[in-house]
Chemist: 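Please see the structure below; I have some questions.
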Amino acid sequence: MTASGVLILGANSDIARAVAHVYGAAGYPLMLAGRAPERFAPDMSDLHLRYGVPVTVHGFDVLETDSHAAFVANLPVLPDIVICAVGLLGIQAQAETDADHMSLVLRSNLEGPASALSQFAAAFEDRGSGVLVGISSVAGERGRASNYTYGAAKAGFTAFLSGLRNRLAGKGVHVVTVLPGYVATRMTEGMALPALLTAQPEDVARAIRLAVDTQRNIVHVRPIWAVIMGVIRLIPEPLFKRMKL
Amino acid sequence: MTQAELTGWGRFRPVATVLHTPRTAPEVATLLQSANPAIARGNGLAYGDSAVSSGYTISTRRMNRMLHFEPEHGLLEVECGVTLADIAAAMLPRGWFPPVLPGSGAVTVGGAIAADVHGKNHVHTGSFRGCVVWMDVMDKNGRVRRCSSTVQPDLFDHTLGGMGLTGVILAACLRLAPVETGWICQEQVTTSNFRHTVAELRAARAAPYAVAWLDGLTTGASFGRGVVMKGHHARYDDLPATLGSRTPRDAPSTRLRFDWPKWVLNTTSMRAFNALYFYRASKRTAPQLVDWRSFFFPLDAIDLWPRAYGSRGLLQFQCVLPHDTAEPGLEHILRATQEARCPPFLAVLKELGMQESAFSFPMPGLTLALDFPASPAALKVLDRLDAIVIENGGRVYLAKDARLKAGILRQSDPRADTFAAYRSEQGLDAHFQSAQSKRVQI
């Protein structure tokens, strides 16, 4: 139990909702941030009724990077933990020809989250405490034809989190990189995902809490994904480029 | 949208369906324009094919928010996918509790309304209907109608017990019951034979909650022996200081992660299990305090417990017989299963009281629920049990059913025809269908 709160960026996603429930159940005050925050009213009552914790909502647009400094400065309290659950899968085929769509995918998954987390990093560094959690993706481990725009953005985000962790080590601020693998969410609805490799949003949320509590740096929600991606990274490029993955 | 093979809780006969998991009411409305025929599904706790459609199945498990609580009168507004155990857990610290709880806490509010579930207190409180102040039902055009016993009472009547066939139940307001603690004072007696079990259960009527477990495997003099349990909510003053808290701490539940081999549960192993259960109950006759989850949802302690039955799945049969035929009729049913060498692995007996509504299961009498490992022999026995139910003027519970034939439903329950007529009159029959509604033709 703690008095300081958890801020969730992109609070409308299935993973974000699950994270809110895990931290709410543990007694943390919750701050839900996202576009059109009036949408969060039902979640706000739900979390408050279930767990009796204070819940506040905050308007936040990850793409409006100019506003991020003010967003952090104007928060009523600086949270202890910030969890960035923002993400956009996009449509790979569209990104190949439509520059706006490619830019949207890159900005939603890399530029926007990196900008927001930078602002929190500075504030946390000043305070000398805090945890930053970025939900990245195994898609960033190696670019594949089926989703390399998303993968490129996530690769960048993973590298960003790694650098941020490096910078903040020894300054009281911890950075967690989460690599969920397949998750049964709205983002993946309709895809035929193998059950053994697919986590539920609730699994991701529990893995995040555990990683924060135990100060882990990089977490796979399902350990099998560490093995799979380890193998995929080892495939020589001349062979890899001919594979359909 | 996902292609899926879904079953009910008994994991019997998968149905190929297109599964949607909407997050909001407008998403459901959009879905209903094209998803046709469709049926809503909560947590899939109906044992058979009530909540799966060969067309579209609309899962409500991501529409599970508690929306508003009015503490003065204990009125709670929830989305349909909220589970009853979650309501109990959230509201106990405020001194409120769901007045009607079925045998699993994972049942959603939508499911509880659709099956108009009953608990161990039906004689006193009636079915789930009694705690529904109003509910929102979405029709095929995406229009939401709020109904109650006084506003649009026809829709209210037919939706309670209507097995999701009157539209998608989106939200409801429930009237909770005030309680002092989440602990139940439980007393149990062991009984030596079927007649004794029935007599003890009827004698337990004065208790707020009463239920009997039966040993369906014993024959001869101890045929139908059992354990009759009764309980009431402990008052705060009843709690010993060592217990400390008004709200019990949640015990972690375990989960069966795979199907057990079929040979693990068989009549011999179940006979041993029942003997042990009976013996332990006989040593524990003094009143004891048990937490609400253990009392109301003993099976929830092991998530996905039907996997113990293996890949064959399990069939449940639940019927109610009116008081004047209940005792001989239910004895006949139990003996018929034994004569066919297909005895139930689990048997639960309860008393039911008065019931209003158009198509709900309960009637004054005794209800018996039996679990069987699925097999051709079990299916044959269940047909035989249907006939005994009809002879005795009873009816079967659709929430438990995976195999009832259309003609049999009509013979046992003339309300099936009026319910089907209401559906066609309202233009609901083409849009809202489950595998079960097609099978039993309602």
Side-chain angles (χ1 to χ4, degrees), chain A residues 1 10-22 24-27 30 32 34-53 55 57 85 182-196 198-206 210 222 224, chain B residues 1-5 18-27 31 35 43 56-59 61-71 74-83 85-96 109 136 170-171 173-174 176 247 249-250 252 255 257-258 303:
Chain A
M1 199 69 94
N12 201 42
S13 80
D14 288 344
I15 291 177
R17 273 193 72 199
V19 167
H21 280 267
V22 162
L30 298 169
L32 312 179
R35 267 176 304 159
E38 62 280 1
R39 286 178 305 171
F40 302 148
D43 288 303
M44 209 174 148
S45 9
D46 183 48
L47 292 161
H48 182 65
L49 282 171
R50 284 176 190 257
Y51 311 118
V53 295
V55 186
V57 300
Y182 294 145
V183 189
T185 62
R186 194 203 299 260
M187 192 194 259
T188 58
E189 205 170 281
M191 297 183 187
L193 302 179
L196 280 174
T198 307
Q200 294 298 316
E202 291 73 18
D203 300 328
V204 181
R206 279 190 293 268
L210 185 68
R222 296 220 159 177
I224 182 77
Chain B
M1 187 195 84
T2 311
Q3 301 282 344
E5 297 256 311
V18 179
L19 179 68
H20 284 275
T21 311
R23 272 66 174 175
T24 61
E27 283 178 49
L31 258 177
N43 253 335
Y56 295 84
T57 306
I58 300 174
S59 167
R61 67 195 194 98
R62 298 268 171 228
M63 294 175 64
N64 61 343
R65 300 168 184 93
M66 300 187 191
L67 299 172
H68 182 70
F69 182 62
E70 195 265 86
L75 300 178
L76 178 68
E77 287 177 39
V78 293
E79 291 182 338
C80 54
V82 170
T83 69
D86 280 1
I87 293 180
M91 294 298 138
L92 263 173
R94 297 173 170 86
W96 298 91
V109 169
D136 285 344
L170 288 179
C173 176
L174 307 178
L176 304 180
T247 44
R249 208 174 304 186
D250 290 345
R255 161 178 288 197
R257 298 203 175 266
F258 54 89
D303 192 18

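These figures come from a predicted structure and were not determined experimentally. In what follows, every chain begins at residue 1, and chains take the letters A, B, ... in the order their sequences are listed.
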Chemist: According to salt bridge (Lys or Arg N to Asp or Glu O under 4.0 Å), who are the partners of B/Arg65, at least two apart in sequence or on a separate chain?
Modeler: A/Asp43, B/Glu79
Chemist: Side chain, backbone, both or neither: which part of B/Ile87 has a non-hydrogen atom closer than 4.5 Å to chain A?
Modeler: neither
Chemist: Which members of residues 44-52 of chain A, sorted by number, sit under 4.5 angstrom from chain B on a heavy-atom basis?
Modeler: A/Ser45, A/Asp46, A/His48, A/Leu49, A/Arg50
Chemist: Is the shortest side-chain N to carboxylate O distance from A/Glu189 to B/Arg62 below 4.0 Å?
Modeler: no
Chemist: At a 4.5 Å cut-off on heavy atoms, which part of B/Glu27 comes close to chain A: side chain, backbone, both, or neither?
Modeler: side chain
Chemist: Pick from B/Val78, B/Asn64, B/Thr2, B/Val82: which one has the most heavy-atom pairs with chain A under 4.5 Å?
Modeler: B/Asn64
Chemist: Which residues pass the side-chain contact (heavy atoms from CB on, under 4.5 Å) test with A/Ile224, sequence neighbours left out?
Modeler: A/Leu197, A/Arg222, A/Ile228
Chemist: Is chain B contacted by the side chain of A/Arg17, its backbone, both, or neither, given a heavy-atom distance below 4.5 Å?
Modeler: side chain
Chemist: What residues, two or more places apart in sequence or in another chain, satisfy side-chain contact (heavy atoms from CB on, under 4.5 Å) together with B/Val18?
Modeler: B/Met1, B/Gln3, B/His20, B/Tyr56
